[in-house]
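What follows is a short report on a single structure.
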Amino acid sequence: VIVVWETSRAVGVVNPKLFPSVTSVFAASVSLLKNGTLQGHIMASLGRVMAGFSMGIVAAVVLGFLIGWFRTIRMLLDPVINFFRALPPIALFPLMIIFFGIGETPKIIVLTYASFFPALVVIYQALVGLEPIYIRVGRTMGASNLETFRKIFLPQLVPSIITACRVSLGVCWATLVAAELIAAQKGIGAMMVEAQNFFQMPPLVLGVVIIGAISLLMDGAVRFVERRVTAWQEK
């Protein structure tokens, strides 16, 4: 990628004035790290993502189990879920700003929304798709509802819950950057908007690189957890 990057500038495929070199982007990162600006932007973005992602996943797990377990709730809520999950989370951001202002609250609400629906669909579809013979065997052996949930449902759903976390975390991170591009004083998106306003291309491209790098690290962390907690699963 770096070779293509520099070669495209050297042969004139892209305008060198509009697309900075690797060294200039690296120099910008060093400068921002020295004055502490880059760390502040990264921590602000990660804090928002973790808050919204955590609340969205918890709500998705709870409601996903209710929908999967009770047919009546599933029949009532399925059309509502399909309606709202089709709405892009960032489309709700202007409405949240009107309701809650331009502080952290609208960002957290939108991020919770962004992480909630992908995880909910994965979890309750996995729950509905479980083999019913395991439940019948458990009940035949005298298992209570709590034992059925703890010893049959939960172990089989762990891989699906982790998959839901991976999907939701990616959607949440992408939504965060878009939200910060619209209204934020701190964060990677805000750093990119500031660089754009002053036509500072190295920090702008640095923001793109950081977005991809952090996304890669977060996905790797979730996959590491997946390998540990699903070591029993044949793959």
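What you see is a predicted model; the values in this text were computed from it and never measured.
- Of all the heavy atoms in I97 and P106, the pair that sits closest is N-CB, 4.2 Å.
- Counting heavy-atom neighbours within 6.0 Å of I133 CD1, excluding the residue itself, gives a total of 12 or less.
- Counting only distance, with no hydrogens or angles, the side chain of E226 and the backbone of P159 share no donor-acceptor pair below 3.5 Å.
- The heavy-atom pair separating P203 from A195 by the smallest distance is CB-CB, 3.8 Å.
- Contact of the L66 side chain with the L77 side chain is not registered, since no non-hydrogen atoms from C-beta on lie closer than 4.5 Å.
- Within 6.0 Å of the CG atom in L217, the count of heavy atoms belonging to other residues, nucleotides or ligands exceeds 12.
- For the atom pair CG (L157) and OH (Y124), the distance works out to 14.0 Å, reported to the nearest 0.5 Å.
- Looking at T175, its side chain never comes within 3.5 Å of a backbone N or O of P89 through a donor-acceptor pair.
- Between the side chain of Y113 and the main chain of F84, a donor-acceptor pair closer than 3.5 Å is present.
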**Report entry** Criterion side-chain contact (heavy atoms from CB on, under 4.5 Å) on R223 and R227, from CA distance to verdict
**Finding:** CA-CA 6 Å; R223 294 174 67 180; R227 288 194 298 269; 4.2 Å; yes
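- Other residues, nucleotides and ligands contribute only 12 or fewer heavy atoms inside 6.0 Å of the CE atom of M43.
- Put simply, M201 and I2 are part of the same group of oily side chains (I, L, V, M, F, W, Y) that touch within less than 4.5 Å, one to the next.
- The NE2 atom of H41 lies 10.0 Å from the CD atom of Q39; values are rounded to the nearest 0.5 Å.
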Query raised in the report: Between I211 and M192, does a side-chain contact (heavy atoms from CB on, under 4.5 Å) hold up when you go through it step by step?
Result: CA-CA 11 Å; I211 290 168; M192 295 173 66; 3.7 Å; yes
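- Across all their heavy atoms, P155 and R150 have their closest contact at CD-O, 3.4 Å.
- In this structure, V171 is not a member of the same hydrophobic cluster as V110, with clusters built from ILVMFWY side-chain heavy atoms closer than 4.5 Å.
- The OG1 atom of T148 sits 14.5 Å away from the OH atom of Y134 when rounded to the nearest 0.5 Å.
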Query raised in the report: Would W173 and D219 count as a side-chain contact (heavy atoms from CB on, under 4.5 Å) if you check the C-alpha gap in whole Å, the side-chain angles of each, and the deciding distance to 0.1 Å?
Result: CA-CA 11 Å; W173 180 247; D219 188 68; over 6 Å; no
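- Listed for the S29 side chain is a donor-acceptor partner under 3.5 Å among the backbone atoms of F26.
- When all heavy atoms of I57 and S115 are compared, the closest pair comes out as N-OG, 4.4 Å.
- The hydrophobic cluster containing L63 does not contain L76, counting ILVMFWY residues as joined when their side-chain heavy atoms lie under 4.5 angstrom apart, directly or transitively.
- Residues M55 and F53 do not share a hydrophobic cluster, clusters being chains of Ile/Leu/Val/Met/Phe/Trp/Tyr side chains in contact below 4.5 Å.
- Taking 4.5 Å as the limit, every side-chain heavy atom of V121 sits out of range of all side-chain heavy atoms of V167.
- Put simply, CZ on F70 and CZ on R74 are 11.0 Å apart, with the number rounded to the nearest 0.5 Å.
- In this structure, F83 is not a member of the same hydrophobic cluster as M75, with clusters built from ILVMFWY side-chain heavy atoms closer than 4.5 Å.
- Of the possible donor and acceptor atoms, one in the side chain of S8 sits under 3.5 Å from a partner among the backbone N and O of W5.
- At a threshold of 4.5 Å between non-hydrogen side-chain atoms, the residues F116 and R85 do not count as touching.
- The two atoms that bring R48 and G187 nearest to each other are NH1-CA, 3.9 Å, heavy atoms only.
- For the pair R9 (side chain) and F19 (backbone), a donor-acceptor distance under 3.5 Å is present.
- Of the inter-residue distances, the one linking R228 atom CZ with I162 atom CD1 reads 12.5 Å to the nearest 0.5 angstrom.
- Contact of the M191 side chain with the T37 side chain is not registered, since no non-hydrogen atoms from C-beta on lie closer than 4.5 Å.
- One finds the CD atom of E194 at 7.0 Å from the CD atom of Q200 (value rounded to the nearest 0.5 Å).
- L169 and M50 make their closest contact through CD1-CE, 4.0 Å (heavy atoms, listed as atom of the first residue, atom of the second, distance).
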Query - Verdict with supporting geometry, F100 and I108, side-chain contact (heavy atoms from CB on, under 4.5 Å) - result: CA-CA 11 Å; F100 302 102; I108 300 300; over 6 Å; no
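- The closest donor-acceptor contact from the side chain of S45 to the backbone of L176 lies at 3.5 Å or more, if one exists at all.
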